[in-house]
Each structure stands twice: as C-alpha cells, then as structure tokens.
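Heads up: the structure comes next, in structure tokens.
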Amino acid sequence: MIRERIQPDIRAKSNYLASFRFINIDFGKKPPQIKSWKTHADPEKKQIMLDLDISYNADIKVDAGFTEKTPIAGIKSIKLEGILRVILAPLMEDSPIFGALTVYFPHRPVLELQWTGFAHLLNIPGLQTLSERELVNQIGQIIVAPQHFSHPLAARFDLAKLQFLEPWNALRIRVIEAKNLVAKEILTKSSNPYVVICGGGTTAKTRVIHKNLNPKWNETFEILYSDLPDQEIEFNLMSDKGVKINQQLGSCRIRIKEVPERGFIDKWIDLENVKSGQLHIKVTRLRLLSDPTQLEEVLKVNEQSRPKRDNEIASAVLYTYIEKGRGLPVLQMKKDNLKALAVVQVGVEDNVKKFGSRINNGEAEWKKRFQFLIRNPLNEELKLKVHNEHNKPIGSITVRLSRLLAASEMTLQDWLPLESTEQNSEIRVKLQLRILTPDVGAPSPQGKTKAQYIKPRTKVKKH
C-alpha cells in the first residue's frame, strides 16, 4: 500500500520528488493494540461499521531516498493512536456476505515519528520551509478521510460500486474573519495571518494579511466530499514568515455532519492549542444539478454576491474519468525505469493533473477519477494531453465544457480521437457536468446571518 498509493502521491507533489522511493519498509512483528471497539449498523446503506480504538507504538525501519541503494532519511519508530474505522459493505446474500472491506481514520490520529536523517530531508527543494510538525501533519493527511483503502472480499466485486468512491457532495466555505490572535512578531507585537483549509482531500488557503491580529478575509472556497462517514473540515491559522518557517496561530475543525442537510452554519470557533483567538466561518451545503437551465441564474447570483477581492465562486463541477486508450504507440518497459509510460495530463485552466500507466502495449489503462471546480462552463474547456516516457507528445484532446450542457444528463462517455498523432489513437473518457447551487433555505454567500459562538471540543479522559 505504501509503495502503490503513498509513494505516487509524494512524487506528484513536486518535480524534485519525481524519483522519490521507499527503499526499506519493515514494521516489525509487533501488532497494534485494540483498546476498545464499537459497532454500528446501517441497514439503509447495507453496511456495518467497526470503530477500533487502536494504539501502535513500535520500532520500525522505513528508509527513503532517490536511488535504490542510498537512503537519505528514514523513520525508526512510530507512535499512532486513534480511531480506525472498518466498513463492511455492501451486504450481500451469498458468502462472504460483504462485498468489500474499507479502512480509514475518520479523524486525524495522534502521530509521532522518530526520524533518521531529518536534516537531509529538509534539504529537498519544496520542503525547506516545513517544520517537523508540519511534515508529520502532511503525512497524517494521507491516512485520514477521505483517503481510504478498499479491498474486495467477494470474487469479482467491482469497487466502483462503493457509494463513497466519488465526492458527489459539495460545501461552500466562507472564511470571514478572526479576532484576538496571538502575536508572533516580537517587534511589531503582531502577526501575518492566513488560513489553511483542509477537507475532502483538498487544501486551500486565504491570502496573507500583514500585521493584523483581527484580520478580515471574506474569501470563498468550495470543497467536494464523498459519503465516507464522519469527515471533517480543518482550519489551521498560520503567521507568514516569508522565507522562514511559518508559525502556528491555532486551529479548529467542524464535522461535515454539523452542517444541516438543507441549510448552513455561521459560527465563531475558539482556536485550539493557543492562548487566544477565534475564527468566524460560514459553511453552506450545495446541491449538484444535472439541469443546464439553472446555469444562467447561478452565474448571475454568484456574480452579485461575490465580495470585492474574493475569488470567483464556482458554478459547476466537472467529474472526469480517464479509463483507457487504444491504438497508442507500443513502448518497451525498461528494468528499474521509474518513469511512467503513456503519461496523461488533464486540466481545466491552471488546475492540471498528471498521471501515468505502466501498461502500454497499445491498450493502456489508467482508470483515474478527477474533479474540477468550474467558474463558468460557457467559457472553459478540458485539455487532455498524452506523452510518452521521454515527454514526447503522442496526441491531445480538447473538449469545450459548453458541449456537455447540450448532452443528455450533461454526460459524455465515448472514445475520443487524439489530435496531432501519427496513428489512429483514442482515449475512452467519461465526463459529467453538474451545476452547483445552495440548498433550499440557505442564504446567498453574502447573506447576513447571526453567527453562533462555538467553544472547542473538550477531550474526554479515558479510564
């Protein structure tokens, strides 16, 4: 799992990490301890959930580097404590009763790592400004919902049938303001605050407001999330230090289930792990519609309600499934070659995803799903490019999103020919467009509502 799922994610972070690899992975023979467990049944969704309170404290050996024989850093021990959720679903009539097993952490666990060669790790471009705590937090995000691991239990069970595979839900988050923040700059007795929002596998951040302990951002973000139970949105307030390591100003979080099914929440939340500070947020549930006639009104409302200096508000979501290709040039896989063959680059405007397939005999398979938030589908287009391992173009496809507005259910599923190619190559894709609109009863993004005051959750001591 680490090499197949985590290693590609690390490589995708930066070009400098393209050849990053785990050299040795040995978690020893000491198993995690299960201190307690709870069982939940959901007959409507045909699933059973097990919440395991686990504790894992052990010596391990995980070495990483950029060549197969020369590690530059590693982990020699780990402490991991938290709730591990196991979902058995869907319920089936025949043995083995459940179609698949899914494992994930619904909330970020306590994670402590003992490093070897940590200083060498921070010499990698792109990591120099990270503190050890921030690096551990980024590792923690890899194992927390919506990230999960699913494995079929029944023969030939298609994991694509799991209801939480794709994020068919959306929230609009307004980061309004903060107050009474702690001062991190000794000379000016102030801070340079900004907010990092994490949720649904997405990370976004506000602009930096310099020398201000009571900043007002009024910035809007949208996140997509799946039906994986008990997901959270985390808000980390930081003080910008320029080229130095940024400093924490506190954090807070909300559970997605706190947001009413047909409405919004508007609240002040106390920041945790600091002497003082509060954050004011507004979170609204959004509906995803397959009715193109709603777009004109959504665009109008979004433009009228957008505050000055705010980002453009998303009016739609594009769901993209890049399945497979045919007629692609046949390339011979070389031993120990880290470069993926038949690399696909797909994007809308400046949001670009890149991934590759090692199966390249003319029938490459990717089976990759991506989502793009769309500001105005009338003016935007999806661009897909295919390269070989030497970054030589094989062909490209351009799809204007306005084409989907005229399609049945705003969905296109077909083989699309690659342009500028010497042979007849095609890529099979599925594209679905959905209009985003606030749920019934929710205010417009700039609507004035009375904010609630929420204290941070207290930790219950275990006996």
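Numbers for residues simply follow the sequence, beginning at 1.
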Residue from Ile313, Val317, Asn302 passing side-chain contact (heavy atoms from CB on, under 4.5 Å) with Leu436: Val317
Verdict with supporting geometry, Arg375 and Glu349, salt bridge (Lys or Arg N to Asp or Glu O under 4.0 Å): CA-CA 10 Å; Arg375 307 306 171 192; Glu349 293 192 336; over 6 Å; no
Heavy-atom check, side chain of [X] versus side chain of [Y], under 4.5 Å:
| X | Y | value |
| --- | --- | --- |
| Phe264 | Pro438 | no |
| Leu404 | Leu318 | yes |
| Ile209 | Arg207 | yes |
| Leu88 | Leu101 | yes |
| Asn218 | Arg174 | yes |
| Leu405 | Leu433 | yes |
| Thr202 | Leu224 | no |
| Val348 | Lys353 | no |

Audit row: Lys324, Glu365, salt bridge (Lys or Arg N to Asp or Glu O under 4.0 Å) steps and yes/no: CA-CA 4 Å; Lys324 56 186 177 181; Glu365 287 190 353; 5.2 Å; no
Give a yes or no on whether the backbone of [Y] and the side-chain of [X] come within a donor-acceptor separation of less than 3.5 Å.
| X | Y | value |
| --- | --- | --- |
| Ser425 | Gly327 | yes |
| Arg285 | Pro260 | yes |
| Ser226 | Glu166 | no |
| Asp51 | Lys38 | no |
| Glu380 | Asn376 | yes |
| Tyr319 | Pro167 | yes |
| Asn246 | Lys241 | yes |
| Asp42 | Glu44 | yes |
| Gln345 | Val352 | no |
| Arg253 | Glu232 | no |

Of the non-hydrogen atoms in [X] and [Y], which two are nearest, and what is the gap between them?
| X | Y | result |
| --- | --- | --- |
| Ser396 | Lys385 | CB-CG, 4.1 Å |
| Leu328 | Leu418 | CD2-CD1, 3.8 Å |
| Ser315 | Val298 | CB-CG1, 3.8 Å |
| Ile54 | Phe105 | CD1-CZ, 4.0 Å |
| Phe98 | Leu153 | O-CB, 3.5 Å |
| Ser150 | Thr102 | OG-OG1, 2.8 Å |

Salt bridge (Lys or Arg N to Asp or Glu O under 4.0 Å) assessment of Arg255 paired with Asp230: CA-CA 7 Å; Arg255 293 180 178 176; Asp230 288 342; 5.8 Å; no
Aromatic ring pairing His151/Phe149, orientation class (parallel under 30°, perpendicular over 60°, tilted between):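 His151 vs Phe149 ring planes: parallel.
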Whether His280 and Trp268 hold their rings parallel, tilted or perpendicular, with breakpoints at 30° and 60°: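 Ring orientation of His280 relative to Trp268: parallel.
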Within a 6.0 Å radius of atom [atom1] on [X], are there more than 12 heavy atoms belonging to other residues, nucleotides or ligands?
| X | atom1 | answer |
| --- | --- | --- |
| Arg403 | CZ | no |
| Glu381 | CD | yes |
| Ile25 | CD1 | yes |
| Trp37 | CH2 | no |
| Lys179 | NZ | yes |

Gap separating the CG atom of Leu378 from the CG atom of Leu299, nearest 0.5 angstrom: 6.0 Å
Approximate separation, where rounding is to 0.5 Å, of Leu91 CG and Ile97 CD1: 7.5 Å
Thr206: partners by side-chain hydrogen bond (donor to acceptor under 3.5 Å, both in side chains), with sequence neighbours left out: Trp217
Cationic tip of Lys205 above Tyr194 ring, under 6.0 Å, 45° of axis: yes
Step-by-step salt bridge (Lys or Arg N to Asp or Glu O under 4.0 Å) determination, Glu222 to Arg172: CA-CA 4 Å; Glu222 289 87 13; Arg172 178 165 288 144; 2.9 Å; yes
